[in-house]
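The structure appears below as C-alpha cells.
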Number of protein chains: 2
Amino acid sequence: MAKKKSGRVTLQQVADHAGVSRATASLIVRNSPSISEATKKKVQASMEELGYVYDRIAANLRSQSSSTIGVVVTDFANPYYSEFLTGVHHQLEEEGYTVFLATTFDSDTKQDKLLSTMLEHRVGGVILCPVSDNSPATVEKIRQWNVPIVTAVREIPELHCDYVGINYKKGVETAIDHLIENGHTRIAFLGGLSDSSAWKKRFEGYRAAFEKAGLAADESLIFQSALTREGGAEALDESLKHKHPPTAVFCFNDLVAFGVMQRMRELNLHPGTDLSVVGFDNVLEAATFYPPLTTVESFPKHIGINAANLLHKRIKDPAREEERIILEPELFIRASSGRR
Amino acid sequence: MAKKKSGRVTLQQVADHAGVSRATASLIVRNSPSISEATKKKVQASMEELGYVYDRIAANLRSQSSSTIGVVVTDFANPYYSEFLTGVHHQLEEEGYTVFLATTFDSDTKQDKLLSTMLEHRVGGVILCPVSDNSPATVEKIRQWNVPIVTAVREIPELHCDYVGINYKKGVETAIDHLIENGHTRIAFLGGLSDSSAWKKRFEGYRAAFEKAGLAADESLIFQSALTREGGAEALDESLKHKHPPTAVFCFNDLVAFGVMQRMRELNLHPGTDLSVVGFDNVLEAATFYPPLTTVESFPKHIGINAANLLHKRIKDPAREEERIILEPELFIRASSGRR
DNA sequence: ATTATATAGGACACCGCTTTCACGTCAAAA
DNA sequence: TTTTGACGTGAAAGCGGTGTCCTATATAAT
C-alpha cells in the first residue's frame with residue numbers, strides 16, 4: 001500500500017486560486033452548462049497553472065458511482081484471451097471505463113478472491129469468464145450484491161445473467177461433420193474435463209454429428225486433459241495406446257491441438273495424412289502453425305466486444321431483461337486435416 | 001459511469017449492529033492488536049451476518065494511500081507481453097495490489113491519456129513499457145507528480161527512474177555472431193523503426209558483431225517495418241528485391257520473424273537452408289513454430305517480476321537510489337538458421 | 001484504600017469531491 | 001418601480017472510511 005503524502009492539488013486550491021467557490025469549480029470539471037464562459041476559462045487556467053488532477057476516486061465515493069470495470073479471465077497467456085481482452089478493452093475505454101484485469105489460472109478459490117477484491121474496489125460492473133460452472137460462493141455474493149455482471153465464453157447454468165458465447169455444439173458438429181465427410185469414423189475427442197459445461201456442450205456436438213451420419217460415437221476415444229499444449233501431447237499419447245487408435249482427433253481448443261501436433265512431430269507423424277487434427281478457437285497461431293490447423297473460429301474478439309456492450313447496457317439499465325448472445329462458429333479447413 | 005444506489009453495508013451499520021463504535025469496527029477490519037478477542041468475534045459475526053464488504057476506495061481516500069498499480073504495455077496481443085504481464089501480475093497480487101491494465105497500441109497520445117486516467121484513479125505506482133523514447137508530456141507529469149514509476153522493456157533516456165530490461169546489444173551481437181560463424185556475411189536487419197532506442201540498441205549489437213569479425217555491415221540491408229507479422233512479411237519482400245539479397249535475416253522480434261517465415265513458406269523458401277532466420281524474444285511459439293525459430297531469449301516473465309519488485313521497493317522507499325536491472329539474453333539455436 | 005498504569009472503546013474531524021439548497025444579481029416583464 | 005425568474009455562486013452536509021485524542025474501566029502496585 002502506497003502512502004502518498006500531500007502533493008495532490010485539490011479542487012479547493014484551484015477554487016481559491018481562481019477566486020470562486022469549490023462548488024463552482026466542481027461544476028466546471030464536469031462541464032455543467034450553467035457556468036459562464038468567463039469563469040470557466042478562468043478556473044481552467046488555474047487548473048492548468050496548478051497542475052490539477054481530477055480525483056476520480058473521491059468523486060466516485062461522493063456520487064456513489066464507479067468508473068471501473070473488473071474483467072476476470074482464466075489465463076491471459078492463452079492467445080484466445082488476449083484477443084478477447086483486446087475486444088473488451090477497446091470497447092470499454094471507448095465508453096470511458098477503466099479496467100481492472102485479473103487472471104484466475106483456472107482456480108475457483110482464486111476467482112472468489114479476485115471477485116471480492118473487485119467488490120472492495122467498487123467496480124461498476126464485472127465481466128467474468130468463469131472457471132467452472134459450479135457457481136461458487138462469491139458469484140452468488142456478487143449477485144445478491146447486485147453488481148452488474150456479464151459472463152462470457154463459459155457459462156454458469158444456475159446464474160441468470162447476461163452471457164456472450166458461441167454455439168459450441170454447432171461448432172463441434174461442423175468440425176466432426178468435416179472429418180466424417182473425409183472418411184473418418186474413429187475420431188478421438190481430446191482435452192478438457194468432462195465436468196465443465198464447456199466440455200459437455202462440445203461433446204453434444206460430437207455425438208450429434210455421429211448420430212446424424214448414422215454412426216455411433218466410440219466413447220473409449222475420449223481422452224481428457226488440461227487445456228494446455230502439454231495436456232494435448234499427453235492426451236494424444238493416451239489415444240495412440242488404444243488398441244484400435246483413431247484416424248482423426250478433435251481437440252478441445254487450439255492450444256491442445258498445438259500440443260498434439262508438436263507431439264506428432266516428435267513421433268514423426270504428419271498431421272493431415274497420418275492423422276487428421278482439428279482444433280477449436282482459430283487463434284492467430286492456427287493459420288501460421290505448420291501445418292496450418294483446421295479449426296473452428298470462435299470470435300474471441302467479438303465475444304469481448306459484445307460482453308463489454310452488454311455490460312454497458314446493463315449498467316445503464318439494471319432492470320432490463322437478461323440477454324444471451326450466441327455467436328455462430330465457422331469452420332476453417334486447413335492442412336492439418338485430410339482424407340482418411 | 002455506473003450509478004449504484006444504496007446496497008452497500010457500511011461500517012457504521014456493522015458497528016450499530018454489533019453495539020460498538022464505528023472506530024472500533026474500523027480497528028477490527030485492520031486487525032489492530034488493541035482489540036479484545038471478544039469484541040472482535042462479535043463484530044466479525046455482525047459483518048458476516050450483514051454481508052459487509054470493505055470499501056477500499058473510501059479507506060484509501062482517507063488514509064491517502066493506494067492499493068492499485070497501473071500497468072501500461074504497448075500491445076497484449078503480442079505473446080511477449082502476455083508473458084510479461086503474467087510475471088507482473090503474479091508478483092503484484094502477491095503483494096496485495098490490484099492492477100489497472102491498459103494498452104497503448106503504440107500510440108503516444110493513447111499513452112498520455114492512459115497515464116492521466118491512472119493518475120485520476122490514484123494509482124499507487126505505475127509500470128510502463130513506453131511507446132517510444134521521446135518522453136511525452138504525461139510522463140513528465142507523472143514525474144513531477146511523484147507517483148512511483150518503473151519502466152520496463154523499453155527505456156526513456158531522459159527519464160531517470162527504475163528500469164528493467166535486457167542487454168539488447170549483447171543479445172543481437174550473439175545472434176549475429178552465430179550467423180557469421182555459419183558463414184553468413186550478408187545479413188539483413190528486418191523490422192522496427194530506427195528512431196526508437198530499442199532499435200538503436202539492437203543495431204549497435206548488429207554493427208558490433210560485424211566489426212568484431214572484421215567485416216562491414218551493409219546498411220542497405222536494413223529494412224524497417226511495423227512490429228507485426230505483416231510488417232515482417234513486407235520487410236522480407238523488400239529485402240529480396242535487393243540486387244544482392246541477404247543469405248540470412250535478423251528480425252527485430254519473434255513476431256516479425258514469424259511473418260518472415262510465413263512469407264517464405266508462400267515463396268517456397270525454406271528457413272535454415274534457403275535463408276537463415278533469427279528472431280528475438282523467444283516467445284513460447286518460437287519453439288513450436290515450424291521450423292523452430294533460432295532466437296534470443298529475453299525473459300519477459302522475469303522482466304515483469306523484476307519490474308513489479310522494483311516498483312514495490314520504490315513505493316516502500318521513494319527516496320532510494322534508482323535501480324537498473326539488465327538481464328543477460330541467451331541465444332537459442334534452432335532449425336531456422338543454418339550454414340550458408 | 002489509594003494511586004499508578006494499561007487498555008478497550010468512543011467522539012470528532014477529515015480525505016477530496018458532489019449535492020442540495022438558499023442566496024444574490026441582473027435582465028426582462030408587469 | 002416592483003415582480004418574476006433565470007442564472008451563477010457559496011455554505012454546509014455528506015460519501016465510507018481512518019487517525020487522533022480522550023475517557024472509562026480493569027488491573028497492578030503501593
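Every chain is numbered from 1 and lettered A, B, ... according to where its sequence line falls, protein lines coming before strand lines.
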Between [N] ([atom2]) and [X] ([atom1]): distance, integer Å:
X	N	atom1	atom2	answer
A:I28	C:dT19	CD1	P	16 Å
B:N60	D:dG17	CG	P	12 Å
A:R56	C:dC17	CZ	P	12 Å
A:Q64	D:dA13	CD	C1'	14 Å
B:R62	D:dG14	CZ	P	18 Å
B:R122	C:dC15	CZ	P	11 Å
B:D55	D:dG17	CG	P	5 Å
A:L61	D:dG17	CG	C1'	8 Å

Q: Could you tell me whether the side chain of A:S26 and the main chain of A:R22 form a donor-acceptor pair under 3.5 Å?
A: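 Judged by distance alone, no pair lies under 3.5 Å.
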Q. Does B:R62 use its side chain to pair, donor to acceptor, with the backbone of B:A58 at less than 3.5 Å?
A.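 Not at all, since once roles are kept as given, no pair shorter than 3.5 Å links the two residues.
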In terms of side-chain heavy atoms of [X], which of [options] is nearest?
X	options	answer
A:T10	D:dG16, C:dC15, C:dC17	C:dC17
B:Y54	D:dG16, C:dG16, D:dT18	D:dT18
A:S63	D:dG17, C:dG16, C:dT18	C:dT18

Q: Kindly check if the number of other-residue, nucleotide or ligand heavy atoms within 6.0 Å of NZ (B:K113) is above 12?
A: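 Not buried by this count: 12 neighbours or fewer within 6.0 Å.
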Q) Going by heavy atoms in the side chains, are B:E83 and B:I303 under 4.5 Å from each other? A)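 Of all side-chain heavy-atom pairs linking B:I303 with B:E83, none is under 4.5 Å.
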So how far is it from [X] [atom1] to [Y] [atom2], rounded to the nearest 0.5 Å?
X	Y	atom1	atom2	result
A:Y52	A:L11	OH	CG	4.5 Å
B:I149	B:I69	CD1	CD1	11.0 Å
A:T151	A:I127	OG1	CD1	10.0 Å
B:R154	B:S196	CZ	OG	6.5 Å

Q. Hey, can you pull the residues of residues 36-47 of chain B with a non-hydrogen atom under 4.0 angstrom from DNA chain C?
A.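 Within residues 36-47 of chain B, the residues near DNA chain C are B:S36, B:T39.
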Q: Using the test side chain to side chain donor-acceptor pair (under 3.5 Å), find all partners of B:E94 that sit at least two apart in sequence or belong to another chain.
A: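 Result, side chain to side chain donor-acceptor pair (under 3.5 Å) vs B:E94: none returned.
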Q: Scan residues 11-27 of chain B against DNA chain D and write down, sorted by residue number, each residue with any heavy atom closer than 4.0 Å; if none is found, say none.
A: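 Of all residues in residues 11-27 of chain B, the ones placing a heavy atom under 4.0 Å from DNA chain D are B:L11, B:R22, B:A23, B:S26.
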Q. Can you check whether A:R30 has a side-chain N or O nearer than 4.0 Å to OP1 or OP2 of C:dT19?
A.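 Answer yes for this pair, as a side-chain N or O of A:R30 is under 4.0 Å from OP1 or OP2.
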Q | Worked check of side chain to side chain contact (heavy atoms under 4.5 Å, CB included) between B:S82 and B:L85 | A | CA-CA 5 Å; B:S82 300; B:L85 288 173; 5.9 Å; no
Q. Which residues pass the ring-ring contact (aromatic ring centres under 6.0 Å, His included) test with A:F76, sequence neighbours left out?
A.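 Scan of A:F76 (ring-ring contact (aromatic ring centres under 6.0 Å, His included), adjacent residues dropped) gives B:H89.
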Q | Degree of bending, the helix from C:dA1-D:dT30 to C:dA30-D:dT1 (end axes from five pairs; round to 10°) | A |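 The end axes of the helix from C:dA1-D:dT30 to C:dA30-D:dT1 are about 50° apart, to the nearest 10°.
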Q: Write out all pairs satisfying side chain to side chain donor-acceptor pair (under 3.5 Å) with one or both partners inside residues 301-311 of chain A, taking only residues at least two apart or from two chains.
A: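 Found A:Q91-A:N309.
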